[in-house]
*Asks:* 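Let me give you the structure first, and then I'll get to my questions.
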Amino acid sequence: MQKSDQELLKETYTLTQQLAITLEKSRIREYNELLLSPRRLIWNNLLGGMARGVGIAIGLTVITATLLYFLQMLGALNLPIIGDYIADIVRIVQKQLDSSMY
């Protein structure tokens with residue numbers, strides 16, 4: 001059962017079209033253009049790095065503030081052993097915040 005030349009051409013054309021669509025979806029052309037433009041690549045990486053840095057700083061600030069809030073709440077409960085340690089931590093942080101001038 002041999003396929004005719006016409007059927008082989010049609011099958012090859014279909015597979016080539018599918019490959020072209022897959023490559024277009026993977027955005028390889030844009031990636032190659034980015035690699036060929038070093039200034040644009042550096043600029044994109046610089047902006048991405050700054051955004052990650054700001055995100056980490058904001059996230060860490062929120063987490064630390066939440067943790068300190070809960071530590072203060074635990075310190076207010078006057079737990080026998082843990083309360084003293086928590087109060088010391090809160091005092092140290094408060095002293096550090098009050099004394100640091102930017």
Side-chain angles (χ1 to χ4, degrees):
M1 223 160 102
Q2 287 187 349
K3 294 183 179 180
S4 68
D5 289 340
Q6 192 70 14
E7 290 173 346
L8 286 174
L9 279 175
K10 193 178 275 187
E11 189 176 320
T12 304
Y13 177 76
T14 305
L15 289 174
T16 306
Q17 286 294 99
Q18 289 175 351
L19 179 64
I21 290 170
T22 303
L23 286 175
E24 189 65 33
K25 284 181 182 178
S26 68
R27 299 174 62 193
I28 287 180
R29 191 177 105 230
E30 287 90 0
Y31 180 69
N32 283 336
E33 288 175 4
L34 182 65
L35 288 178
L36 293 175
S37 174
R39 284 185 179 168
R40 188 168 156 216
L41 180 63
I42 291 170
W43 179 250
N44 284 345
N45 284 330
L46 179 67
L47 288 178
M50 287 190 319
R52 278 187 290 279
V54 169
I56 288 171
I58 291 172
L60 188 61
T61 301
V62 169
I63 289 172
T64 305
T66 306
L67 182 67
L68 283 176
Y69 176 75
F70 285 121
L71 285 175
Q72 283 180 340
M73 297 291 272
L74 281 176
L77 292 176
N78 290 330
L79 299 173
I81 297 172
I82 300 173
D84 294 334
Y85 291 119
I86 293 173
D88 288 339
I89 292 172
V90 170
R91 268 190 239 112
I92 291 169
V93 170
Q94 287 295 333
K95 188 184 296 184
Q96 192 70 14
L97 287 175
D98 292 339
S99 67
S100 64
M101 297 283 185
Y102 292 108

*Asks:* Looking at D88 and R91, is there a salt bridge between them, counting it only when a charged N and a carboxylate O are closer than 4.0 Å?
*Replies:*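 A salt bridge is present here (some side-chain N lies under 4.0 Å from a carboxylate O).
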
*Asks:* Establish whether I92 and L68 are linked, either directly or via other cluster members, by ILVMFWY side-chain heavy-atom contacts under 4.5 Å.
*Replies:*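 Unlinked, I92 and L68 end up in two clusters.
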
*Asks:* Connecting only ILVMFWY residues whose side-chain heavy atoms lie within less than 4.5 Å of each other, what is the rest of L35's hydrophobic cluster?
*Replies:*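 Noted: L35 shares its cluster with Y31, L34, L41.
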
*Asks:* Can you confirm whether more than 12 heavy atoms, excluding those of E30, are under 6.0 Å from its CD atom?
*Replies:*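 Counting neighbours around CD of E30, more than 12 heavy atoms of other residues, nucleotides or ligands fall under 6.0 Å, so yes.
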
*Asks:* So, using side chain to side chain contact (heavy atoms under 4.5 Å, CB included) as the criterion, who are the partners of Q17 when residues are at least two apart?
*Replies:*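 So Q17 forms a side chain to side chain contact (heavy atoms under 4.5 Å, CB included) with Y13.
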
*Asks:* Is there a chain of hydrophobic side chains (I, L, V, M, F, W, Y, each step under 4.5 Å between heavy atoms) that links I89 to L97?
*Replies:*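 Yes, it is one cluster - the side chains of I89 and L97 are joined through contacts under 4.5 Å.
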
*Asks:* List in chain and number order the residues that pass side chain to side chain contact (heavy atoms under 4.5 Å, CB included) with S26, two or more places apart in sequence or in another chain; answer none if no residue qualifies.
*Replies:*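 If we apply the side chain to side chain contact (heavy atoms under 4.5 Å, CB included) test to S26, skipping adjacent residues, the hits are L23, I28.
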
*Asks:* Excluding sequence neighbours, so at least two apart, what forms side chain to side chain contact (heavy atoms under 4.5 Å, CB included) with T66?
*Replies:*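 With neighbours one apart ignored, the set is V62, F70.
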
*Asks:* Would you say that L15 contacts Q18 through its side chain, given a criterion of any heavy-atom pair below 4.5 Å between the two side chains?
*Replies:*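 L15 vs Q18: side chains touch.
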
*Asks:* Looking at side-chain heavy atoms only, is the closest gap between M50 and L47 below 4.5 Å?
*Replies:*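 SC-SC contact between M50 and L47 confirmed.
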
*Asks:* Can you run down the salt bridge (charged side-chain N to carboxylate O under 4.0 Å, His left out) pairs that involve residues 63-74, sequence neighbours left out, and say none if there aren't any?
*Replies:*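 Residue pairs passing salt bridge (charged side-chain N to carboxylate O under 4.0 Å, His left out), neighbours aside: none found.
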
*Asks:* Do any pairs count as a side chain to side chain donor-acceptor pair (under 3.5 Å) and have a residue in residues 32-61, sequence neighbours left out, and if so which ones?
*Replies:*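 Output for this query lists R29-E33.
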
*Asks:* With ILVMFWY side chains joined below 4.5 Å, transitively, what does I63's cluster contain besides itself?
*Replies:*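 Once heavy-atom contacts under 4.5 Å are chained together, I63 still belongs with nothing else.
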
*Asks:* Once rounded to the nearest 0.5 Å, what's the spacing between atom OG1 of T14 and atom CG of L19?
*Replies:*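 Reported to 0.5 Å precision, the distance equals 12.5 Å.
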
*Asks:* I'd like to check the side chain to side chain contact (heavy atoms under 4.5 Å, CB included) partners of L67; sequence neighbours left out, ordered by chain and number.
*Replies:*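 For L67 the side chain to side chain contact (heavy atoms under 4.5 Å, CB included) partners, ignoring immediate neighbours, are L71.
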
*Asks:* Under the rule for side-chain hydrogen bond (donor to acceptor under 3.5 Å, both in side chains), what residues qualify as partners of E11, not counting sequence neighbours?
*Replies:*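 side-chain hydrogen bond (donor to acceptor under 3.5 Å, both in side chains) list for E11, sorted by chain: K3.
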
*Asks:* For a quick test of reading the model, state the closest non-hydrogen atom pair linking T64 to L60 and the distance between them.
*Replies:*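 Closest heavy-atom pair between T64 and L60: OG1-O, 2.7 Å.
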
